[in-house]
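To find a chain, count down the sequence lines: A is the first, B the second, and so on, and within it residues start at 1. These numbers come from a predicted model, not from an experiment.
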Amino acid sequence: MSALSDDHSEIVERHLRVLEALLFASSEPLDANSLLTYLGEGANIGELLLTLQARYADRGVNLVRRGDRWAFRTAEDLGFLLRRDEQENRPLSRAALETLSIIAYHQPATRAEIEEVRGVATGKGTIDLLMEAGWIRMRGRRRTPGRPVTYGTTEAFLDHFGLETLSDLPGLDELKGSGLLSGRLPPNLQIPLPFDGAALRDDEDPLDPDDPGGDEDQD
Amino acid sequence: MSALSDDHSEIVERHLRVLEALLFASSEPLDANSLLTYLGEGANIGELLLTLQARYADRGVNLVRRGDRWAFRTAEDLGFLLRRDEQENRPLSRAALETLSIIAYHQPATRAEIEEVRGVATGKGTIDLLMEAGWIRMRGRRRTPGRPVTYGTTEAFLDHFGLETLSDLPGLDELKGSGLLSGRLPPNLQIPLPFDGAALRDDEDPLDPDDPGGDEDQD
Amino acid sequence: MTTAQTDWFDTPAEPAAEDVMYVDVGGYEGPLDLLLDLARRQKVDLAAISVLALAEQYLAFIETVREKRIEVAADYLVMAAWLAYLKSRLMVPQAPSDDEPSGEMLAAMLQFRLKRLEAMRRAASQLMNRPRLGYQVYARGMPEPIEIKRTSLWEASLYDLLKAYAGQRERGITTDYSPIQRTVWSLQEARDILQRLIGDSFEWVSMDSYLVDYLATPAERATVRASSFASSLELVRLGQIDLRQTETFGPLFMRRRKADRP
């Protein structure tokens, strides 16, 4: 091995140690950009994270990706050992569960659209509860009369349900294929739903400055 | 390698994974006995912990022993990552500005003199803040009953406000001319000419040896 | 709307056909939920259900509930009206000139909505069955938060400093400042003074000479004259004094009226 590649691997190891320390220390997922500020210019953060992920793949703790963020989490197969009894398991109401899944699969979704799928009015409390849990957020406003707020899921949602990206949602392809995610269209019309990330869609406006959480949603 | 030792190392690896997950997720250090309950009889918990410790010895996270308990902690040499110094620029409060300006013009000034000009009690915090900012200093003690401390400005004060000497502070006519003082002034209003120079005045004694900063002020 | 108490992972026990009529509407999350439940009882794929039969069952159900005089939420009644319309469209062949959507299209739309709701329910349960954070997967139990040490860098400009100084020196001055009281004679005041000055004199005396003591400062002259003149007119009206002026802008003379003598 040449001296150059020795140097290189030494730097990589040092970077990996820094990433380990930062990611281990935090209970919240951290995004690649803020991790990069600890490594200095020129570090290939994407590659480093994948290297670290591979190293921990067989361990009791895994490095997982949640949207744009990364976190160490205990391995899924060891969950049975770690079940915490003291945790207060407040099951979500059926209305909240349905609303959450409709937002997850149909996002960006307005309240009217959620109600259309459920066939019943959705109480403000249900939306509030999901916002409070940190699983949904106000994305923007639909460019239609009344400019209704559009809702989408958060990275905490991905983290909670162990999804890397929204396209990991179970059965998503199947639902898209059968046209069931295509809003009000008749079943024989199949239009694939674009599933982009945080960026606003063509028919969405940004939130108004005085909308609650309007600022936090700009990131 | 024999089939037996293969089996053995497989079991060890499984145990190590379990320990990793438990130690990672626990909110407090865990002792060997409670860890053992997750591994089942016959596991050599002491040896397993030492193996795990050795594995993480060079990593960004180390397995550390605290008394009888074990925990993952960020490697000591990387502790600096978890500390951050933040400097924020903050405007001076009105009370601090007023106190500072009185000290500048009336120095050497005692706290009672400052309060007399301001017409309001000056909190100790204000003086401390100006001392901490490096703009004022204790000069000496007034030769009056109670021997109150006299305050004056520092060179850092001149530096910050872009003054060559204290006599560059504008006098009455300049203050009037610049509109900072209105024309309607009683003829007896005096703006003192700031007393320049670090030397003590006739009515000042040096600071006591046990006054804070008493030594630095002798120069 | 009542919130469903039922755990929705529990598939409801299949009731016998006659039991259907006794299900309480309160157990449902809206008309679509009720329809989905009725459809499931047909024990066939949603794609293969008989929408006509479904509509009839729903209408019968609502009828039973209403006969029992149970309050039914408006949502359910709207759906009932729509299903009655759907039923009529399905049973009457469509006229060529009819622009309305065909019964088949409406039925397909209803099937689509039922399938979509069911799909969302399945998706929700799949989501809940994933290894969830805090249930099967755990975050760092002893997070080591980033410690932030804050130091303040104080900012002030020379202008701020001078303004602060000038401001409080001026504040000190204004506490000594007392506004000049402008003397204003009230009518009552002027009248009292005139009464006092005229006394019992029946000689013509010019008003200004009575008031000369009070006209010492030019600033007061106008108010003294105005108030005194107005008061003198009042005294004339009361018959207490006489007033005489020999020429325009000439001096004003006044005396105690004789009749007024006690």
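Atom CG of C:Leu32 is separated from atom CD of A:Glu116 by 8.5 Å, given to the nearest 0.5 angstrom. Between C:Arg130 atom CZ and A:Asp168 atom CG the span is 7.0 Å, to the nearest 0.5 Å. In this structure, CZ on A:Phe72 lies 10.5 Å from CZ on C:Arg140, to the nearest 0.5 angstrom. Note that CG of A:Leu181 and CE of C:Met120 are 5.0 Å apart. Values are rounded to the nearest 0.5 Å. Atom CZ of C:Arg121 sits about 9.5 Å away from atom OG of A:Ser101, to the nearest 0.5 Å.
C:Asp33 and A:Arg94 are joined by a salt bridge, as a carboxylate oxygen and a charged side-chain nitrogen come within less than 4.0 angstrom of each other.
Without hydrogens or angle criteria, A:Thr74 side chain to C:Tyr138 main chain gives a donor-acceptor distance under 3.5 Å.
The neighbour count for C:Tyr85 OH, taken as heavy atoms of other residues, nucleotides or ligands under 6.0 Å away, is above 12. Within 6.0 Å of atom CD in A:Glu174, 12 or fewer heavy atoms from other residues, nucleotides or ligands are found, so the atom counts as exposed in its surroundings. Residue A:Glu47 qualifies as open at atom CD: its count of foreign heavy atoms under 6.0 Å is 12 or below. Around the CG atom of A:Asp68, the shell of radius 6.0 Å holds no more than 12 heavy atoms that belong to other residues, nucleotides or ligands.
Both the backbone and the side chain of A:Phe24 come within less than 4.5 Å of a heavy atom of chain C. The parts of A:Ile102 that come within reach of chain C are both its backbone and its side chain, each placing non-hydrogen atoms under 4.5 angstrom from that chain. For chain C, the nearby part of A:Ala75 is the backbone; its heavy atoms alone come within less than 4.5 Å.
Each of A:Ala21, A:Ala25, A:Gly119 has some count of heavy-atom pairs under 4.5 Å with chain C, and the biggest count is that of A:Ala25. In terms of heavy-atom pairs under 4.5 angstrom with chain C, the leader among A:Pro29, A:Pro170, A:Ala71, A:Ser26 is A:Pro170.
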Mind listing the side-chain donor-acceptor pairs of residues 126-134 of chain A below 3.5 Å, one per line with the distance, residues two or more places apart or on another chain?
{"residue": "A:Asp128", "atom": "OD1", "partner": "A:Lys124", "partner atom": "NZ", "Å": "2.9"}
{"residue": "A:Asp128", "atom": "OD2", "partner": "A:Lys124", "partner atom": "NZ", "Å": "3.4"}

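Heavy atoms only, all atoms of each residue included: C:Ala119 and A:Leu175 are closest at CB-CD2, 3.4 Å. Contact record, A:Val117 with C:Leu117: O-CD1, 3.6 Å, taken as the closest heavy-atom pair.
Interface with chain C: from residues 154-163 of chain A, residues A:Phe157, A:Asp159, A:His160, A:Phe161, A:Gly162, A:Leu163 qualify, criterion being any non-hydrogen pair under 4.5 Å.
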